[in-house]
Amino acid sequence: MTVMKEILVPCDFSEPAKNAFRFALQLASKNRTATVHLLYIIQLPVVMDPIVAPVVNYENSYKKELQGDAEKQFDKLKKTYLSESKGINVISSLHFGPIADSILKYVSKPSIDLIVMGTHGTSGFQDLFIGSNTEKIVRRSPVPVFVVKDYFRGGIRDIVFPNSFTTENRDDLITEVTHLQEFFKATLHLLHINTPSNFTDDALMTSRMEHFASHFSLSNYTTNIYNSPDVEQGIHMFATRIKAGLIAIGTHGHGRLVHLIHGGLAQEMANHSDMMIWTYASDNVLVEHQA
């Protein structure tokens, strides 16, 4: 079973962040020794003009005031939602610095196993997760990332896994995906999206998927081919049709993201779907047309 003992929730106290916290508590409830880390980050402006600097300099007293306000919000958050998951250890922290860098730095210190972060849906990634920060976290995170929009109720029984189904350099990603499947005891739905510009014969693709499943000793899975004008729309439509609880996407650890999440796909799918997105960045995930 995959390790989810140390779970990080970057928190700006927005509704999506609260939903991410509640989902993290659900994950932690499956392992009573788990800890949820709430992290609030304040990015202070950098003042380059030495004449202006003394006027706008953030003194220790002001930082302490911000910290006091954050602690009150942390206490309110824990008092509201910990009653749903008693006995779970929650650590709250306030950091000053660049948002994405602060999150990634925190991940490395207490050996975080997982990040759960919120998105604002149809208004896009806002507040804590403004565009490039989200991409940096997803692309550079050494641990899997859950992207949560709405409050999630119930278990995850079906995971959609879009892929190109080549077996080379896939070990890290498949290990994480199968651990995820095991954790939720879910069915894994292998998915290829046929588009007008990237069409593969059904028989050939089915054979490729079966070889892929055999190569990695997958179990409790289905193979699926879905026709759509574009990849992201196809993934969304298929996942909606089977009422999946999660879409799992591989990303490239260095350089740009793979096609499935490059160009704002994660944001688009979060905007148009109530389902969560799980991503994992690995140096061994090739940059291709489909994951």
Side-chain angles (χ1 to χ4, degrees), residues 4-45 58-107 109-131 133-134 137 141 143-156 270-271 274-278:
M4 294 189 187
K5 292 184 64 176
E6 304 292 332
I7 304 170
L8 173 61
V9 182
C11 182
D12 60 1
F13 306 108
S14 64
E15 199 62 31
K18 294 175 183 177
N19 292 335
F21 177 50
R22 297 176 77 179
F23 179 65
L25 291 176
Q26 289 184 41
L27 295 177
S29 68
K30 295 178 178 290
N31 184 347
R32 287 296 176 178
T33 62
T35 297
V36 176
H37 300 254
L38 284 170
L39 177 63
Y40 179 44
I41 301 166
I42 297 177
Q43 183 168 306
L44 301 176
Y58 285 83
E59 303 290 346
N60 289 336
S61 59
Y62 181 63
K63 288 186 177 181
K64 286 181 180 179
E65 181 182 343
L66 292 174
Q67 186 169 0
D69 291 341
E71 288 174 354
K72 289 178 183 177
Q73 294 195 70
F74 279 137
D75 289 342
K76 182 179 179 181
L77 196 63
K78 288 185 277 189
K79 186 179 295 185
T80 301
Y81 297 115
L82 272 180
S83 59
E84 301 174 357
S85 307
K86 294 181 180 179
I88 296 174
N89 185 34
V90 176
I91 296 174
S92 54
S93 303
L94 168 64
H95 285 201
F96 294 92
I99 293 171
D101 289 345
S102 296
I103 293 171
L104 294 170
K105 184 177 180 180
Y106 192 96
V107 167
K109 285 189 175 180
S111 300
I112 294 296
D113 300 309
L114 177 72
I115 299 174
V116 181
M117 63 187 196
T119 172
H120 289 253
T122 54
S123 58
F125 291 100
Q126 298 176 356
D127 296 342
L128 179 58
F129 298 111
I130 300 173
N133 285 312
T134 302
I137 295 164
S141 173
V143 299
V145 179
F146 274 97
V147 179
V148 179
K149 173 185 166 186
D150 297 323
Y151 171 53
F152 183 79
R153 298 173 177 83
I156 294 174
N271 287 345
D274 291 334
M275 285 167 285
M276 285 181 292
I277 297 174
W278 174 97

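When a residue number appears, it is its place in the shown sequence, counting from 1.
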Checklist line | Nearest-0.5 Å distance that lies between atom CD1 in Ile99 and atom CG in Leu104 | finding: 12.0 Å

Notebook entry, point to check: What are the two closest non-hydrogen atoms of Ala17 and Asp12, and how far apart are they?
Noted result: CB-OD1, 3.3 Å

Next item on the list: Please report the closest heavy-atom contact between Ala20 and Met117, naming both atoms and the distance.
Entry: CB-C, 3.9 Å

Checklist line | Pro144 to Trp278 - nearest heavy-atom pair and separation | finding: CB-NE1, 3.3 Å

Note to self: For Lys149, is there any backbone N or O sitting under 3.5 Å from a side-chain donor or acceptor partner on Asn19?
What the structure shows: yes

Checklist line | Within-4.5 Å side-chain heavy-atom neighbours: Ile41 and Tyr106 | finding: no

Next item on the list: Search all heavy atoms of Val36 against all heavy atoms of Ala24 and return the closest pair with its distance.
Entry: CG2-O, 4.0 Å

Margin query: Distance check, rounded to the nearest 0.5 Å: Ile88 atom CD1 versus Lys30 atom NZ?
Written below: 11.0 Å

Note to self: Using every non-hydrogen atom in the two residues, find where Leu39 and Ser102 come nearest and quote the distance to one decimal.
What the structure shows: CD2-O, 4.3 Å

Next item on the list: Return the minimal non-hydrogen interatomic distance between Ile112 and Leu114, and the atom names on each side.
Entry: CG2-O, 3.2 Å

Next item on the list: State, yes or no, whether a side-chain contact exists between Pro16 and Val148 at a heavy-atom distance under 4.5 Å.
Entry: no

Notebook entry, point to check: In Å, rounded to the nearest 0.5 Å, how long is the span from CD of Glu71 to NZ of Lys78?
Noted result: 8.5 Å

Check: Is the shortest heavy-atom distance from the side chain of Leu25 to the side chain of Val90 under 4.5 Å?
Finding: yes

Checklist line | Spatial distance of atom OH (Tyr40) from atom OG (Ser92) [nearest 0.5 Å] | finding: 13.0 Å

Checklist line | side chain to side chain contact (heavy atoms under 4.5 Å, CB included) between Leu77 and Lys18, intermediate numbers included | finding: CA-CA 8 Å; Leu77 196 63; Lys18 294 175 183 177; 3.6 Å; yes

Item checked: side chain to side chain contact (heavy atoms under 4.5 Å, CB included) between Met276 and Ile156, worked out -> CA-CA 10 Å; Met276 285 181 292; Ile156 294 174; 3.6 Å; yes

Note to self: Could you measure the distance from the NE2 atom of His95 to the CD atom of Gln67? Nearest 0.5 Å is fine.
What the structure shows: 9.5 Å

Check: What's the spacing between Lys5 NZ and Asn89 CG if we round to 0.5 Å?
Finding: 11.5 Å

Next item on the list: Take Leu8 and Ile115 through the side chain to side chain contact (heavy atoms under 4.5 Å, CB included) test and state the conclusion after the steps.
Entry: CA-CA 5 Å; Leu8 173 61; Ile115 299 174; 4.3 Å; yes

Next item on the list: Using the side chain to side chain contact (heavy atoms under 4.5 Å, CB included) rule, take Asp113 and Val143 through it: C-alpha gap first, then chi angles, then the decisive distance, then the call.
Entry: CA-CA 6 Å; Asp113 300 309; Val143 299; 5.7 Å; no

